[in-house]
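Okay, so here's the structure we're looking at.
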Amino acid sequence: MALHCGVFSFRSVASHPPSSVMLSQPTVKASTFSSPLAPPIVKFNVRGKAFPGDGTPETKESPLVVCFGEMLIDFVPTVSGLSLAEAPAFKKAPGGAPANVAVGISRLGGSSAFIGKVGEDEFGYMLVDILKENNVNHEGMRFDPGARTALAFVTLRSDGEREFMFYRNPSADMLLQEDELDLDLIRKAKIFHYGSISLITEPCKSAHIAAAKAAKDAGVVLSYDPNLRLPLWPSEDSAREGILSIWETADIIKVSEEEISFLTKGEDPYDDAVVRKLFHENLKLLLVTEGAEGCRYYTKEFSGRVKGLKVDAVDTTGAGDAFVAGILSQLAVNLSLIQKEEELRDSLKFANVCGALTVTERGAIPALPTKKAVLDAMLKPVF
């Protein structure tokens, strides 16, 4: 497997099955490994200040958002609109939905941590370094000496939408065990955020359930983005059952239009009555993302729509995660936004711009915006 300037030649693994992708054993420690792809870090003294605000520096640290799940390497084609077989080369980009959210929150000036597992290999060390470089708490990260860091090849269609091929057989993220959890870190959180991929196989499924229970018992707000990836599940029925198995424990849920159709077995995702079927008794906020069109929001008291920012999409990878980072960075500071519709709408405008800016570059983590970039963009568009 040859890596040159961040570009990976697909031909080097085309003749091997997923289980045979080999990486050399790491010869450097995490503290000394540097990632050439890690973007420059721009720091803003805006911790503790929820949008909207004047950006006045505050000394108080933002409440912590802990993200749990997978962190991996996305290989993104250097040319859009081609199949995996046709793509001439791939650029490696760090990703994994919960990790994207953690980095996104930190880029926006918030405080975040990531809990997960990577392989004891070059890619695993690279990913932990990226967390460090983005000021994400990595105390909950674990290394597996017997499994590789997960890889995903992402096909970009001409419209910027994606198709995935995963290399997890099994990957290290699937092997996180309950006794490896940093429960103290979880209990310190204001919000605990997770997806559904960590529910697919054991032992990570049990670790996920134990982590969420520890958070709930400590009074932490639970945030859930199913992030449906059907190729990873044994079947559609198992995916639907797995995603819904933890549905009613979440306080905040973000879904896409496609996920609504999937979970309701083909019902109209634009029908408010259909969406309301997914609203459970203890849910505080249900968000529906609609790509460039923006998002819808539902609480017990009110609902509505917030328009998105129209941009030219290069790669939609990570857009939903950037949106989640945007809204969680606001809710962590001020949960009462959920009861105040106008303030919630302002925060969702902010989140929509986070998602929009992310699709203008390739990859997920490399494209996540800073708070300054989002606020600058909000001064220009008409929503």
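- Nearest heavy-atom pair, Ser347 versus Ile327, reported as atom, atom and distance to 0.1 Å: CB-CD1, 3.8 Å.
- Aromatic rings of Tyr167 and Phe153 (six-membered ring for Trp) have centroids within the 6.0 Å cut-off, being under it.
- Counting heavy atoms from C-beta on, the side chains of Lys284 and Ile253 never come closer than 4.5 Å.
- A donor-acceptor pair under 3.5 Å is absent between the side-chain atoms of Ser171 and the main chain of Ala150, judged by distance alone.
- Using a 4.5 Å heavy-atom threshold, the side chains of Pro63 and Val333 count as touching.
- Ala172 and Gly119 get closest at one heavy-atom pair: CB-N, 3.3 Å.
- Side chains of Glu290 and Tyr270: a donor-acceptor N/O pair is absent below 3.5 angstrom, by distance only.
- Atom CG of Leu199 and atom CD of Glu202 lie 9.5 Å apart (nearest 0.5 Å).
- Under the 3.5 Å distance criterion, the side-chain polar atoms of Thr299 are matched with a main-chain donor or acceptor of Glu301.
- From Thr155, atom OG1 reaches atom CZ of Phe90 across 6.5 Å, with rounding to the nearest 0.5 Å.
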Apply ring-ring contact (aromatic ring centres under 6.0 Å, His included) to Tyr125 and Phe123, showing your working.
CA-CA 5 Å; Tyr125 288 124; Phe123 285 155; over 10 Å; no
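- At least one test fails for Arg345 against the ring of Tyr297: distance under 6.0 Å to the centre or angle within 45° of the axis.
- Between Phe68 and Phe192, the angle of the ring planes lies from 30° to 60°, which puts this pair in the tilted group.
- If you chain together hydrophobic residues whose side chains sit under 4.5 Å apart, Val128 and Met174 never meet in one group.
- Here the two rings, on Tyr194 and His208, have centers that are under 6.0 Å apart.
- Lys216 NZ: more than 12 foreign heavy atoms inside a 6.0 Å radius.
- By the 4.0 Å N-to-carboxylate-O rule, Glu70 lies too far from Arg168 to be salt-bridged with it.
- With contacts defined as side-chain heavy-atom distances shorter than 4.5 Å, the pair Ile260/Val274 qualifies.
- Remark: Asn137 pairs with Ala113, Glu139, Leu185 by the side chain to side chain contact (heavy atoms under 4.5 Å, CB included) rule, at least two apart or across chains.
- Between Ser206 and Glu178, the closest heavy-atom pair is O-OE1, 4.2 Å.
- Contact record, Leu175 with Ala147: CD1-CB, 3.5 Å, taken as the closest heavy-atom pair.
- For the pair Leu263 and Arg240, the minimum side-chain heavy-atom distance is below 4.5 Å.
- Annotation: the span from His138 atom NE2 to Glu133 atom CD amounts to 11.0 Å, rounded to 0.5 Å.
- Rounding to the nearest 0.5 angstrom, the gap separating the CD atom in Gln339 from the NZ atom in Lys300 is 10.0 Å.
- For the pair Arg362 (side chain) and Ala93 (backbone), a donor-acceptor distance under 3.5 Å is absent.
- Note on Leu337 and Leu285: same hydrophobic cluster, where clusters join Ile, Leu, Val, Met, Phe, Trp and Tyr whose side-chain heavy atoms are under 4.5 Å apart, directly or indirectly.
- The CD1 atom of Ile338 sits 12.5 Å away from atom CD of Gln330, with the distance rounded to the nearest 0.5 Å.
- The 12-atom threshold is exceeded at CG of Asp179, counting heavy atoms of other residues, nucleotides or ligands nearer than 6.0 Å.
- Under a 3.5 Å cut-off, the side chain of Ser196 and the backbone N or O of Pro226 do form a donor-acceptor pair.
- Hydrophobic clustering (side-chain heavy atoms under 4.5 Å, transitive across Ile, Leu, Val, Met, Phe, Trp, Tyr) keeps Val154 apart from Leu82.
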Could you go through Asp121 and Thr149, starting from their C-alpha distance and side-chain angles, then the distance that decides it, and tell me whether this counts as side chain to side chain donor-acceptor pair (under 3.5 Å)?
CA-CA 7 Å; Asp121 51 42; Thr149 300; 2.8 Å; yes
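- Side-chain heavy atoms closer than 4.5 Å link hydrophobic residues (I, L, V, M, F, W, Y) into clusters, and following such links, possibly through other members, connects Ile186 to Leu222.
- Residues Asn100 and Thr317 fail the side-chain proximity criterion, which asks for heavy atoms closer than 4.5 Å.
- Under the side chain to side chain contact (heavy atoms under 4.5 Å, CB included) criterion, Ala292 pairs with Lys310, not counting sequence neighbours.
- Side-chain N or O atoms of Ser106 include none that pairs as donor or acceptor with a backbone N or O of Val103 at under 3.5 Å.
- Without hydrogens or angle criteria, His280 side chain to Leu283 main chain gives a donor-acceptor distance under 3.5 Å.
- For the pair Leu64 and Val66, the tightest heavy-atom approach, listed with the atom from each and the gap, is CD2-CG2, 3.7 Å.
- Of the inter-residue distances, the one linking Leu181 atom CG with Leu176 atom CG reads 5.5 Å to the nearest 0.5 angstrom.
- Checking side-chain atoms of Glu259 against main-chain N and O of Ser256 turns up a donor-acceptor pair under 3.5 Å.
- A salt bridge does not link Asp272 to Arg276: none of the charged side-chain nitrogens sits closer than 4.0 Å to a carboxylate oxygen.
- Ion pairing between Glu180 and Lys117 holds under the 4.0 Å rule for side-chain N and carboxylate O.
- At a threshold of 4.5 Å between side-chain heavy atoms, the hydrophobic network of Ile, Leu, Val, Met, Phe, Trp and Tyr places Ile243 and Ile200 in one connected group.
- There is no side-chain donor-acceptor pair under 3.5 Å between Ser261 and Glu258.
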In sequence, state the C-alpha distance, the side-chain angles, and the governing distance for Val221 and Lys190, and then conclude on side-chain contact (heavy atoms from CB on, under 4.5 Å).
CA-CA 6 Å; Val221 173; Lys190 181 72 172 288; 5.7 Å; no
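- Of all heavy-atom pairs between Asn352 and Lys307, the closest is ND2-O, 3.1 Å.
- When atom types are taken as modelled, the side chain of Thr358 and the backbone of Cys354 share a donor-acceptor pair closer than 3.5 angstrom.
- Counting only heavy atoms from C-beta outward, the side chains of Lys340 and Asp346 never approach each other to under 4.5 Å.
- A donor atom on one side chain and an acceptor atom on the other are found under 3.5 Å apart for Asn334 and Ser336.
- The side-chain contact (heavy atoms from CB on, under 4.5 Å) test with Met141 is passed by exactly one of Leu131, Ile115, Asp182, Val136: Leu131.
- Taking 4.5 Å as the limit, every side-chain heavy atom of Ile252 sits out of range of all side-chain heavy atoms of Tyr224.
- Between Ser111 and Val65 the shortest side-chain heavy-atom distance does not fall below 4.5 Å.
- Side-chain N or O atoms of Glu86 include one that pairs as donor or acceptor with a backbone N or O of Ser83 at under 3.5 Å.
- Using a 4.0 Å cut-off between charged side-chain N and carboxylate O, Asp184 and Lys188 make no salt bridge.
- In this structure, Asp271 contributes its side chain and Ala273 its backbone to a donor-acceptor pair below 3.5 Å.
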